[in-house]
Structure formats: structure tokens, C-alpha cells
Amino acid sequence: MNTPLSHDRSHSSAGAEPDDVRARLRAETSTVRHGILLRVHGEIDAYTFAYWRRLFDAALLAARDTGHLLVDLDAVEFMSCRAIAELADSAERSHREGLRVSVVRPSSAMVHIATVADLALPVYPDVDAATIEYVRCAARSGSTDPRKRSHA
């Protein structure tokens, strides 16, 4: 089941984003095997950044029960350095709390920026690769509770 976060007022303040922000950045979540998938479309820049944070935070909250959030960036046309750094910081913080954040299909420019900035960002070519690694880590940890898994 897909949930369009950009139109779900329960995930953000009612009417907080102007229509042009919602037109420039959209996202929807769906439940996939072993996680929650956040598919992002558009631009994540200074103008849409606050909205991006609300969309991402809502997806993180939704992923707490599964222990895994997959962020599909294939349809992202632009992502600012600030947004990349925040995504890496959030992924690291979430990891310490037992929630794995996997970045799926980012642009080569985004990967280059993350590499040059020495950001720890788990990047995968597709959802299947991210899921396989998540399951492999869960099996190594031996935990059945997704919130208590160690994701090396």
C-alpha cells in the first residue's frame, strides 16, 4: 500500500507547505518485505529542505516497527549538499538506535559528494541489494526484534 506523504496532513502541519513546494518535492511510502520504502521525487534544495525533513522523519517513524527504512532516490533530480549531509547524519543516528537506513539508487553526483565529504552512507543499487544486506546483518546478530538488531 502506497501512502503519499506529500498529501498526508498527519505527517506535517496542515497547510505548512506552499503548493509549489509540494509540486517540487513529492514522496510516498510503501511497505516492502523487511522494511518501509520511501520513494522520493523532485528536488531537495534550500527551498524544499524543511519539507524534506518532515517527509523523511515521518518515514523514519513508520519504519520503527520493521527496523529498516529504504530511501529510493532514483527520481530525485537534485539533492543539496546539506540534504546529503543530513541524510548521512540521520542514517548514523538511526543506526545507533537500531534502525537501518539504506539509500537506494542515488545519483552518481550524490555518491561523489558523500564520498568527498567522507560521509558514512549505506548506498545500494536497488531495493533487493539493500534488503539482502539488511537480512544478512539481522541473521548475524541473531535478533528477532528489529529494534534490537545490530546492523554492521
- Item | Working for side-chain contact (heavy atoms from CB on, under 4.5 Å), residues L60 and S94 | CA-CA 8 Å; L60 273 177; S94 296; 3.6 Å; yes

- Message: For H95 and V101: C-alpha separation, side-chain torsions, deciding distance, then whether side-chain contact (heavy atoms from CB on, under 4.5 Å) applies.
- Response: CA-CA 7 Å; H95 178 79; V101 175; over 6 Å; no

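Take D20 and apply the side chain to side chain contact (heavy atoms under 4.5 Å, CB included) test, not counting sequence neighbours, and it matches P18, Y47. The salt bridge (charged side-chain N to carboxylate O under 4.0 Å, His left out) search around D45 returns R24, not counting sequence neighbours. Looking at residues two or more places apart in sequence or on another chain, you find a side chain to side chain contact (heavy atoms under 4.5 Å, CB included) between S107 and A109, M110.
Residue pairs that meet the side chain to side chain donor-acceptor pair (under 3.5 Å) test with at least one member in residues 108-122, sequence neighbours left out, do not exist here.
The structure places CZ of F49 at 4.0 Å from CD of E86, a figure rounded to the nearest 0.5 Å. Distance check: F56 CZ to L61 CG gives 12.0 Å after rounding to the nearest 0.5 Å. Going from atom OH of Y51 over to atom CG of L25 covers 6.5 Å, rounded to the nearest 0.5 Å.
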For residues 70-84, run the donor-acceptor check on the side chains, cut-off 3.5 Å, and write out each pair with its distance to 0.1 Å, sequence neighbours left out.
residue, atom, partner, partner atom, Å
D72, OD1, D74, N, 2.9
D72, OD1, R105, NE, 3.4
D72, OD1, R105, NH2, 3.4
D72, OD2, R39, NH1, 3.1
D72, OD2, R105, NH2, 2.6
S80, OG, A83, N, 3.1

Show me the side-chain donor-acceptor pairs of residues 119-128 shorter than 3.5 Å, one per line, residues at least two apart or across chains.
residue, atom, partner, partner atom, Å
Y124, OH, R100, NH2, 2.2
D126, OD1, D128, N, 3.2
D126, OD1, A129, N, 2.7

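Here the shortest heavy-atom pairing between L99 and G67 reads CD1-C, 3.2 Å. For G35 against T66, the heavy-atom pair with the smallest separation is CA-OG1, 3.5 Å.
One N or O on the side chain of T48 and one on the backbone of E43 form a donor-acceptor pair closer than 3.5 Å. Side chain of H68 to backbone of H34: a donor-acceptor contact under 3.5 angstrom is found.
Under the 4.5 Å side-chain criterion, counting only non-hydrogen atoms from C-beta, T29 is not in contact with L37. Residues S30 and I36 form no side-chain contact, since every pair of their non-hydrogen atoms from C-beta on lies 4.5 Å or further apart. Put simply, the side chain of Y134 does not reach to within 4.5 Å of the side chain of S102, judged on heavy atoms.
Taking 4.0 Å as the cut-off between side-chain N and carboxylate O, R93 and E97 do not count as a salt-bridged pair.
V40 and V104 sit in two unconnected hydrophobic clusters of ILVMFWY residues. Membership requires side-chain heavy atoms under 4.5 Å apart, directly or through other members.
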